[in-house]
Amino acid sequence: MNRREFSKNSVLLGVGALAGFPKGSQARVQNESGDYYEEPAKKLPVRKFDVVVAGAGTGGVVAALAAAQQGAKTMLIERKGYTGGTVTEGGTALHSFYNLWKAFPGVKKCQVVRGIPQQIVDRLMAAGACSGHAEMVKGYNYDSVCTAIDTELYKLVTMQMLDEAGVFVAVNTLLTGAIMDGSRIRGAIVDSRSGREAIYARAFVDCSAYGDLAAFAGADYKVPNDYSCCNSIGLANVDLDGYVAYLKANGGNNQLAYGLRSGEGGKIVRFNGGLGGDFKKEAGKIGMSSMITTVQDNYLMFVKCNFKVPGSVINRDDMAKGELEVRKRQAKAVELFRKHVPGCEKAFMARTSPTLNIRRGRLITCDYDITHEDVLEGRHFDDDVMAYGFHDSAPRYQIKNGGTYGIPYRALRAAGVENLLVAGMMITSDHRPHMSTRNTVACMGQGQGTGTAAALCAKKNCGTRDLRYSDLRAALVKGGVYFES
Ligand SMILES: Cc1cc2nc3c(=O)[nH]c(=O)nc-3n(C[C@H](O)[C@H](O)[C@H](O)COP(=O)(O)OP(=O)(O)OC[C@H]3O[C@@H](n4cnc5c(N)ncnc54)[C@H](O)[C@@H]3O)c2cc1C
């Protein structure tokens with residue numbers, strides 16, 4: 001077939017016919033003026049589950065594991081070919097399983113996030129893919145521990161765990177719609193190379209970061225656009241010790257943690273320092289920070305180039321401009337390392353994220369909105385699903401006395417939708433508390449809370465507001481979740 005015949009067929013029949021899509025996926029142009037195209041109605045095959053989780057990222061993996069651990073028949077929908085989400089593409093360090101005990105003399109060290117997030121760490125450790133909970137030696141006003149991960153093995157380990165738990169993991173599958181029955185979600189619509197399908201379930205959890213399922217279900221949302229986006233680089237062929245020495249010589253360092261690196265304990269896994277002279281000036285222009293996190297020798301897992309996308313993070317064309325801009329910055333970042341840092345003359349980009357990482361997409365309106373005071377005062381609620389003790393804006397904002405605050409179940413219920421829970425970066429409207437609730441380990445804990453609750457709702461055939469908190473709490477305690485009281 002020549003090119004002209006190919007494009008003729010594409011218009012008349014849709015490219016699906018050529019790609020071997022199921023019969024019936026071909027559509028014909030009906031409106032000759034070309035002003036609009038009306039999609040014909042179509043019968044979709046239906047799959048049925050107890051719980052559907054949208055997005056196999058930081059929160060979604062844990063939500064699906066939690067639902068499966070409760071015995072729910074669970075489907076996890078992920079647009080990419082792997083699990084892990086922003087954990088594997090953004091920060092690459094899990095913050096934080098602990099309270100800020102080091103910054104508050106006399107306060108007891110306490111691991112405040114346990115349960116499934118800790119099970120993931122245990123599996124990563126067994127695979128040599130984690131620094132362990134490495135205590136900060138410097139910079140402990142910011143955090144008491146840094147738990148660095150191998151981003152690539154994180155994908156494998158979490159996929160294996162999901163497989164073992166019996167979760168139906170649909171990767172390379174985009175969630176594209178919701179089927180509503182009043183204020184109840186009856187099903188999600190997904191698209192993949194196997195065609196378009198309707199996925200029915202009793203309870204749904206949106207962990208898509210963008211809040212796609214919630215938006216399709218008609219939930220109220222805003223798009224604050226209050227963060228820069230980022231695509232972090234894994235920089236290989238570097239002399240890690242040379243880089244650390246360079247940073248020390250050019251402004252000292254203000255963060256330091258030792259942990260497991262390339263199978264050997266007591267190695268630097270976290271370091272942050274002021275960059276000197278031209279390097280600092282040039283790095284500032286491309287939004288690059290100097291922090292390192294790594295679990296491998298001669299590899300910097302976490303070189304960030306930040307960029308505030310003008311417009312909206314949910315607008316394709318605005319983001320397309322951002323994708324180009326950030327890739328230019330990444331190339332520049334590598335150049336700077338090669339030019340300025342001894343031992344990095346032959347450094348190269350070993351990993352980038354497939355897309356720009358957002359720090360916030362849609363903000364979904366929930367039954368409760370966690371406030372700045374809730375976090376700083378260390379407030380707990382009568383429907384807590386977890387405790388959390390880390391704030392990304394420390395030392396400016398810290399939880400009172402190195403303690404914890406609670407994330408209440410009501411903050412994870414999408415307002416106006418009967419059977420939808422949300423977890424991850426899409427909750428908490430105020431930027432200040434969001435700088436705490438959006439962090440990886442908070443998202444993971446919220447995942448366990450929502451996945452467990454969704455499974456119980458499915459079992460009891462009730463809406464998310466009809467679930468008895470005592471039942472949820474008992475299941476979470478059994479699942480290893482830590483509570484303050
Ligand atoms: C650059 C950067 C650095 C960071 N550094 C740190 C750090 O050092 N420590 C820390 O604790 N936190 C850090 N954070 C914050 C933290 O990583 C995120 O807030 C957190 O991981 C978000 O988790 P999530 O579950 O909400 O979303 P994600 O982990 O992003 O998961 C969302 C998933 O949903 C999928 N998805 C989206 N839409 C659809 C759809 N329609 N259909 C199917 N799948 C879909 C995505 O592909 C993705 O896998 C950082 C964030 C960024 C961007």
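One-based numbering, in listed order, for ligands and for the atoms of each.
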Of all protein heavy atoms, the one nearest atom 9 (N) of ligand 1 is His95 ND1, 3.0 Å

**Min side-chain heavy-atom separation Thr173-Glu78 under 4.5 Å** = no

Can you confirm, on distance only, whether ligand 1 has an N/O atom lying under 3.5 Å from any N/O atom belonging to Lys304? no

In terms of side-chain geometry, is the basic nitrogen of Glu325 or Lys321 positioned less than 4.0 Å from the acidic oxygen of its partner? no

For ligand 1 and Met425, I'd like to know whether there is a polar contact (N/O to N/O, distance under 3.5 Å). yes

Per-atom filter on ligand 1: closer than 4.0 angstrom to a heavy atom of Gly90 are 1 (C), 2 (C), 3 (C)

Discussion item. For Arg196, is there an ion pair with Asp191 - N to carboxylate O distance below 4.0 angstrom?
Written reply: yes

The atoms of ligand 1 lying under 4.0 Å from a heavy atom of Leu174, numbered in the order shown, are 40 (C), 41 (N), 42 (N)

Indicate the ring-plane relationship of His391 and Tyr397, choosing parallel, tilted or perpendicular according to the 30° and 60° boundaries. tilted

Closest to atom 44 (N) of ligand 1 among protein heavy atoms sits Arg79 N, 3.1 Å

Ile358 heavy atoms within 4.0 Å reach ligand 1 at atoms 53 (C)

Heavy-atom closest pair (Met444 atom, Ile120 atom, distance to 0.1 Å) is CE-CD1, 4.0 Å

One pair to check against side-chain contact (heavy atoms from CB on, under 4.5 Å): Val309 and Cys229. What are the steps and the verdict?
CA-CA 7 Å; Val309 173; Cys229 292; 3.9 Å; yes

Regarding Asp392 and Arg438, does a basic nitrogen lie under 4.0 Å from an acidic carboxylate oxygen? yes

With a 4.0 Å cut-off on heavy atoms, is Ser232 in contact with ligand 1?
no

The answer for which part of Cys207 has a heavy atom under 4.0 Å from ligand 1 is backbone

| For ligand 1, is there an atom lying under 4.0 Å from some heavy atom of Asp392? | no

Ranked by distance from atom 11 (O) of ligand 1, the top protein heavy atom is Thr440 OG1, 2.6 Å

Short N/O distance, under 3.5 Å, between Arg270 and ligand 1? no

Within 4.0 Å of some non-hydrogen atom of Asp212, the atoms of ligand 1 are 38 (N), 39 (C), 40 (C), 41 (N)

If we number the atoms of ligand 1 from 1 as shown, the ones under 4.0 Å from a heavy atom of Cys230 are 1 (C)

Contact region, Leu175 to ligand 1, non-hydrogen atoms below 4.0 Å, reads both

Using 4.0 Å as the upper bound for N to carboxylate O, is an ion pair formed by Lys73 and Asp50? no

Return yes or no for this condition: an N or O of Glu78 is under 3.5 Å from an N or O of ligand 1.
yes

Nearest non-hydrogen contact to atom 25 (O) of ligand 1 from the set Ser192, Gly59, Gly55 belongs to Gly59

Charged N to carboxylate O under 4.0 angstrom, Asp226 versus Arg359?
no

Logged contact type for Thr83 with ligand 1, heavy-atom cut-off 4.0 Å, is neither

So the atoms of ligand 1 within less than 4.0 Å of a heavy atom of Ile77 turn out to be 43 (C), 44 (N)

Ion pair check, Arg123 and Glu164, cut-off under 4.0 Å:
yes

The closest protein heavy-atom partner of atom 14 (N) of ligand 1 is Arg438 NH1, 3.8 Å

(Q) Ring of Tyr210, cation from Arg362 - is the NZ or CZ under 6.0 Å from the centre and inside 45° of the axis? (A) no

Check: Can a salt bridge be assigned to the pair Glu323 and Arg316 using a cut-off of 4.0 Å between side-chain N and carboxylate O?
Finding: no

Near Thr173 (heavy-atom distance under 4.0 Å), the atoms of ligand 1 are 43 (C)

For Lys109, is there an ion pair with Glu135 - N to carboxylate O distance below 4.0 angstrom?
yes

Heavy-atom proximity to atom 27 (O) of ligand 1, picking from Gly60, Ala93, Ala209, points to Ala209

Atom 30 (O) of ligand 1: closest protein heavy atom, distance to 0.1 Å, is Thr86 OG1, 2.5 Å

Note: ligand 1 atoms sitting under 4.0 Å from heavy atoms of Asn357 are 53 (C)

